[in-house]
Participant: 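First the structure, then my questions, so here it is.
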Protein chains: 2
Amino acid sequence: MTRAHASNPAPDILTLMAAYEGAPDDPAVCPIRDVLDRVAQKWTLLLMIQLSTGPKRFSALQRQVGDISKRMLTQSLRDLERDGLVSREVFPTKPPSVEYALTDLGRSSLEPIAVLTQWADNNHDRIRQARVAFDG
Amino acid sequence: MTRAHASNPAPDILTLMAAYEGAPDDPAVCPIRDVLDRVAQKWTLLLMIQLSTGPKRFSALQRQVGDISKRMLTQSLRDLERDGLVSREVFPTKPPSVEYALTDLGRSSLEPIAVLTQWADNNHDRIRQARVAFDG
DNA sequence: GAGGTATGGTCTCTTATGTAGACCACATCT
DNA sequence: AGATGTGGTCTACATAAGAGACCATACCTC
């Protein structure tokens, strides 16, 4: 039932995972671990989504996300910058302003993110129902 | 440059986000926040991938993931069960064994996960290069 | 029959990780 | 003169995660 399903993407995932079975717990070797570690950072995906409309400044990002601390905003943006997903440009205004934008690599990541958010939107009701059922 | 790009999925994401702009920081209202909070839990995606091959027992999951503690394994599986993505079945063996499996909803989430892992695999090299450049 | 192994957890202790908020220097607007 | 906005950093505190002991039971081996 699980395996013989034409549109089931499981085999693809597993083929990928299997290729790194030797060191499944080493992010330096397994790209899935590596990217998942970034995805699993609570603010990074949200920031990518905010930047998908175009370049934004530090304080604009903080306002729009709403509940992120400056500390985590700084750190998350640095991480994204380090991974080459986001670029950082300082303008010599007084006081200096800083603009963050998606790189080409960052823009390419919007596709998987979009698929994820689509799924989230489509299935949110079912998840909420499941929670109510579980808690009762 | 950012907006007028035919294959750019950004507008889709933003349309979704915009629909919840009133309470952008409330996971109970915004499905993207809600699902992202789950995705951002470090072990949940990895467990979903492990379960994509079929039902697995508690200790099998722990062995395969490799570096997850029992505590986090229990908690992550409970969270996934609560969200209706994973089912839990106890068999009356001695000692009792417990089997975890994906639900239909859980299987449907494999598609976005697969897209994400594909992207991860395709772009891992570029990310690593960016890191080297940044650190240097 | 004593000791080891396996089952799926829970409990406690310690250590990361994240948050809240003050603080900074400077300039502009009121 | 005083408030406001810039992009951060620093410190103190709260929360989350990790390590490992412990549990009852039943097998298998010696």
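The sequence lines fix the lettering, A, B, ..., with proteins before strands; numbering per chain opens at 1.
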Participant: Rounded to whole Å, please give me the gap between CD in A:Q62 and P in D:dG7.
Facilitator: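 One finds 10 Å between P of D:dG7 and CD of A:Q62, rounded.
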Participant: Under 4.0 Å between a Lys/Arg side-chain N and an Asp/Glu carboxylate O for A:D34 and B:R131?
Facilitator: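 Looking at B:R131 together with A:D34, the answer is yes, because their closest N to O distance falls below 4.0 Å.
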Participant: Looking only at side-chain N and O atoms, does A:S97 come under 4.0 Å of OP1 or OP2 in D:dT6?
Facilitator: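 It does not, given that no N or O in the side chain of A:S97 lies less than 4.0 Å from OP1 or OP2 of D:dT6.
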Participant: Other hydrophobic cluster members with A:V115, side-chain heavy atoms of Ile/Leu/Val/Met/Phe/Trp/Tyr under 4.5 Å, chained?
Facilitator: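 Noted: A:V115 shares its cluster with B:V115.
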Participant: Sequence neighbours excluded, which residues qualify as salt bridge (charged side-chain N to carboxylate O under 4.0 Å, His left out) partners of A:D125?
Facilitator: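 For A:D125 there are no salt bridge (charged side-chain N to carboxylate O under 4.0 Å, His left out) partners, ignoring immediate neighbours.
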Participant: Of all the heavy-atom pairs spanning A:Q64 and A:Q50, show the shortest one and how long it is.
Facilitator: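 Smallest interatomic distance, heavy atoms only, reads OE1-OE1, 2.8 Å.
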Participant: A:W43 side chain N/O closer than 4.0 Å to the phosphate oxygens (OP1, OP2) of C:dT19?
Facilitator: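 Indeed, a polar side-chain atom of A:W43 lies that close.
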Participant: Could you pick out which residue, B:P95 or A:V90, lies toward the 5' side of DNA chain D when each is mapped onto its nearest nucleotide?
Facilitator: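 Nearest-nucleotide comparison on DNA chain D picks A:V90.
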Participant: Between C:dG9, D:dT6, C:dT19, which nucleotide has the shortest distance from any of its atoms to the side chain of B:R88?
Facilitator: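 Of the candidates, C:dG9 comes closest.
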Participant: Both B:K42 and A:K94 contact DNA chain D. Which one's nearest nucleotide lies toward the 5' end?
Facilitator: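 It is A:K94, whose closest nucleotide lies nearer the 5' terminus.
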Participant: What integer distance in Å separates B:Q41:CD from C:dA16:P?
Facilitator: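 The answer, rounded to whole Å, is 21 Å.
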Participant: Quick one: A:D67 CG to C:dG18 P, roughly how many Å, whole number?
Facilitator: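 About 14 Å, once rounded to whole Å.
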Participant: Whole angstroms only, please: what is the CD-P distance between A:E89 and D:dG7?
Facilitator: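 It is 13 Å, rounded to the nearest whole Å.
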Participant: State whether B:R63 places a side-chain N or O below 4.0 Å from either non-bridging phosphate oxygen (OP1 or OP2) of C:dT7.
Facilitator: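 Yes, B:R63 has a side-chain N/O under 4.0 Å of OP1/OP2 on C:dT7.
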Participant: Would the distance check show the side chain of B:T103 and the main-chain N or O of B:G84 forming a donor-acceptor pair, the cut-off being under 3.5 Å?
Facilitator: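 Yes, the answer is positive, given that a donor and an acceptor are paired below the 3.5 Å cut-off.
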Participant: Report the distance from atom CZ of A:R38 to atom P of C:dT17, rounded to the nearest whole Å.
Facilitator: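 For the pair A:R38 CZ and C:dT17 P, the rounded distance is 12 Å.
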Participant: Report the distance from atom OH of A:Y100 to atom C1' of D:dT6, rounded to the nearest whole Å.
Facilitator: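 Atom OH in A:Y100 sits about 12 Å away from atom C1' in D:dT6.
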Participant: Between A:L102 and A:S52, which heavy-atom pair has the shortest distance, and what is it?
Facilitator: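 Looking at all heavy atoms of both residues, the shortest contact is CD1-CA, 3.9 Å.
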Participant: Salt bridge check: are A:R126 and B:D104 linked by an N-O gap of less than 4.0 Å?
Facilitator: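 No salt bridge links A:R126 with B:D104.
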Participant: With the threshold set at under 4.0 Å for non-hydrogen atoms, list the residues of residues 68-83 of chain A touching DNA chain D in residue-number order.
Facilitator: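 Heavy-atom contacts with DNA chain D come from A:K70, A:R71, A:T74, A:R78.
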